[in-house]
Amino acid sequence: MTALMTREAMWQRLGREEVDLLVIGGGIVGAGVARDASRRGLSVAVVEMGDLASGTSSRSSKLVHGGLRYLEQYELGLVFESVSERRILMDLAPHLVNPLGFLFPVYRGSKHNLLVIRAGMWLYDGLSLFRSPKRHRQLSPADVEREEPALKQKGLKGAPLYFDCSTDDARLTLENAIDAARHGAIITTHARATSFLTSKGRIRGARVTDAFSGESKEVRAKAVVNATGPWTDATLALAGGKLAPMLRPTKGVHAVVMRERLPLTHAVVCFHPSDQRVLFAIPWGDRTYFGTTDTDYEGDPVDVAASHDDVRYLLRVATEYFPDAALVEDDVISTWAGLRPLIAENEAASESEVSREHKIVLGSDGLITIAGGKLTTYRRMSAEIVDTAVRFLELHREISGELRPSRTEKDPLPGGEGWPADDDHAKVAAEVQAASQGSLDEESALALSGTYGTRALTIASAVASESSGAARLVPGRTERMGQVDFAVDEELAATLCDVMMRRTQLFYRDVDQGLGAAEAIAARMAARLDWSAERTAAELSAYRAEVARSRRWRSEP
Ligand code: FAD
């Protein structure tokens, strides 16, 4: 499979033959649609103008959750759907979707009443048919002091503890895409749809341009899905006609600090002192992050970044809930900003009140557009989109015969295959360490298995046979050079940013955002991908520019 899983091999295959379904956008929705459709037996191509998940799907709060706060807005249907999907995703990707406890501290004078919150938690567990990752429980102030010592104790009345899940959003997207590719889908990154092909009033494909060579080609398709998240309206505009905007995008920012500066065992539900919005402080391995903001956004989606005000807003809540940590701007090692592709329905609603429901629209030109939704519900949304596409193709008599069931709710994602039923990460890590024949320590083996699931065994065997693969990318951190090779050979990585930001996450987790490691990683990629010196230099500048953009807030007033 190796040679077929590179980005270049995908570009070569793209456009050779008409496909049943062309999906524009390689975020979680596009990747989910590709997985579902290819498993049913449809021929599928995905075109993504950047990297997989380079849009919103690597910039979320990284939670697979029902969304306790949606109970307050009486969105019971959304919560029910989300908690059901949470259960399914825990089984499909047990390495990536992990239970996380959420503390809900209640202080004297708070508008939140402990009894009401407890009732809400029973409802929350009930909506999941009591199949939450773990059942909620109550913590007294003394329990909280013991379990979460950094949290403000003054005035604390108690803190219910409930469970949702954390995930790696970019990798969840990637694993859906890899599974789709295994079922024949052509997943082409760095390939932008620039116009639609039409015939007799119907969209029959798209013209697509390669970001590297500038070459463009026609990709013919029986049906086309617009899964472009925050770019939904821009993609609709390519189809012509003047439409009212379908989206009301809102920006959400997160800020990352070192775990030593704020060690947390649980996520903490915080209410911002200025506007009472819900935010989370979330433990993330050797880091802790805060998020998110929620503000209307009208600029170019590509340019979305944290502003100084966003960071101040996040630090304000940190100071309120964790006063002894005394976090300051210099503690922030990285930020990320994303756009929620929310449906424009109610102008009067505040940003946080806009519904997270999704909507599928079949245009008179046959374009199937999906807007709204959540990372958590991508699988269900994807199935609905493929159902719509299949009905459309049947109506036009363009598919015949029985399609297969997609089994996306049953068959594990690639790294989840062979994962132990008792979810014992340490057991997989021990196998990974053994496969590396002494090249990996326990900590690295655990980190690799948590990231790649059972696919970490392939990386471990590779580093055992080629010792340079065991080199650490950053001294003292767990990431290894073999991950760079794997990213290029097996995971469609084509640029330095792809590897730094979404395959290894050094951009977010390393204290200097991977800048110290970037040259060595670029050299490794250059050798593998046959980059010229100019191309290597361009990759390094592009990466440094990304880092600078994420730090732009520091020079703002
Ligand atoms: P995207 O991931 O943006 O994908 C669209 C893709 O289309 C992009 O990669 C883009 O490059 C590509 N594209 C656009 N135009 C073209 C073109 N012409 N040609 C080719 N490609 C194109 N949900 C949860 O369930 N849990 C959370 O914790 C959570 N937290 C969130 C926090 C924030 C701050 C935000 C912003 C969202 C959060 N969400 C969360 C929501 C969730 O992240 C999104 O609903 C989801 O990622 C959207 O995925 P998507 O595939 O629709 O869009």
Side-chain angles (χ1 to χ4, degrees), residues 22-34 45-67 69-70 78 81-83 85-86 89 97 100 164-167 169-170 172-173 176-177 188-196 206-209 211 219 224-239 247 249-254 267 279-280 282 289 291-295 297 301-302 304 306 310 335-343 351-352 356-358 369-379 381-382 385 502:
L22 170 64
V23 183
I24 304 177
I28 189 70
V29 177
V33 168
V46 176
V47 293
E48 161 54 54
M49 68 179 178
D51 183 21
L52 290 164
S54 58
T56 304
S57 298
S58 58
R59 298 150 186 264
S60 76
S61 300
K62 307 187 191 303
L63 302 176
V64 168
H65 63 155
R69 80 180 178 86
Y70 304 127
L78 178 65
E81 184 174 282
S82 301
V83 290
E85 285 303 300
R86 182 184 64 190
L89 290 177
V97 180
L100 177 65
D164 260 318
C165 290
S166 62
T167 192
D169 46 6
L172 194 61
T173 305
N176 273 277
T188 318
T189 56
H190 303 280
R192 179 198 285 263
T194 50
S195 59
F196 285 112
R207 177 157 279 282
V208 178
T209 303
V219 183
V224 179
V225 172
N226 169 10
T228 53
W231 290 265
T232 299
D233 288 322
T235 308
L236 282 167
L238 289 181
L247 289 192
T250 71
K251 176 171 87 157
V253 170
H254 292 81
L279 288 94
F280 300 111
I282 300 178
Y289 61 85
T292 169
T293 62
D294 198 351
T295 48
Y297 183 82
V302 169
V304 64
D310 293 327
T335 61
W336 71 85
L339 292 179
R340 299 175 185 82
L342 304 181
I343 300 167
E351 290 90 334
S352 300
R356 269 57 176 168
E357 295 278 9
H358 66 273
T369 295
I370 164 88
K374 293 170 65 189
L375 185 82
T376 307
T377 49
Y378 84 90
R379 197 198 59 82
M381 286 157 61
S382 303
I385 297 161
R502 290 164 293 272

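Remember, it's 1-based here, ligands and their atoms both numbered in the order they're listed. The figures that follow rest on heavy atoms only: side chains count, while hydrogens, waters and symmetry mates do not.
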Ligand-residue contact atoms, ligand 1 with G373, heavy atoms, under 4.0 Å: 45 (O)
Contacting atoms of ligand 1, where contact means under 4.0 angstrom from a heavy atom of T292: 34 (C)
Side chain, backbone, both or neither: T376 near ligand 1, heavy atoms under 4.0 Å: both
Min heavy-atom dist A191 to ligand 1 below 4.0 Å: yes
By salt bridge (Lys or Arg N to Asp or Glu O under 4.0 Å) - contacts of R59 (at least two apart): none
For ligand 1, the portion of H65 having any non-hydrogen atom under 4.0 Å away: side chain
Atom indices of ligand 1, in the order listed, that fall short of 4.0 Å to a heavy atom of G338: 36 (C)
Best match, T188, T228, D51, T56: closest heavy atom to atom 13 (N) of ligand 1: T228
Nearest neighbour in protein (non-hydrogen) for atom 18 (N) of ligand 1: A193 O, 3.1 Å
Options G26, S61, G55, ranked by nearest heavy atom to atom 30 (N) of ligand 1, top entry: S61
K251 to ligand 1, any heavy atom closer than 4.0 Å: no
Numbered atoms and elements of ligand 1 in range of R59, under 4.0 angstrom, heavy atoms: 33 (C), 34 (C)
Closest protein heavy atom to atom 21 (N) of ligand 1, given as residue, atom name and distance to 0.1 Å: M49 N, 3.0 Å
G252 neighbourhood, listing ligand 1 atoms whose heavy-atom distance to it stays under 4.0 Å: 34 (C)
Which segment of L339 sits under 4.0 Å of ligand 1 when only heavy atoms are counted: backbone
Short side-chain to backbone donor-acceptor contact, D169 and S60, under 3.5 Å: yes
Nearest-option assignment for atom 49 (O) of ligand 1, heavy atoms, candidates G372, S82, S57, S60: S57
Protein contact of atom 17 (C) of ligand 1 - nearest heavy atom, named by residue and atom, plus distance: I24 CG2, 3.8 Å
Listed partners of T228 passing side-chain hydrogen bond (donor to acceptor under 3.5 Å, both in side chains), at least two apart: N226, T235
Atom indices of ligand 1, in the order listed, that fall short of 4.0 Å to a heavy atom of H254: 34 (C)
Minimum non-hydrogen distance to atom 26 (N) of ligand 1, winning option of L375, I28, L63, V33: L63
A337 contact mode with ligand 1 (heavy-atom cut-off under 4.0 Å): neither
Proximal candidate to atom 35 (C) of ligand 1 [heavy atom criterion; set E48, K374, R340, K62]: R340
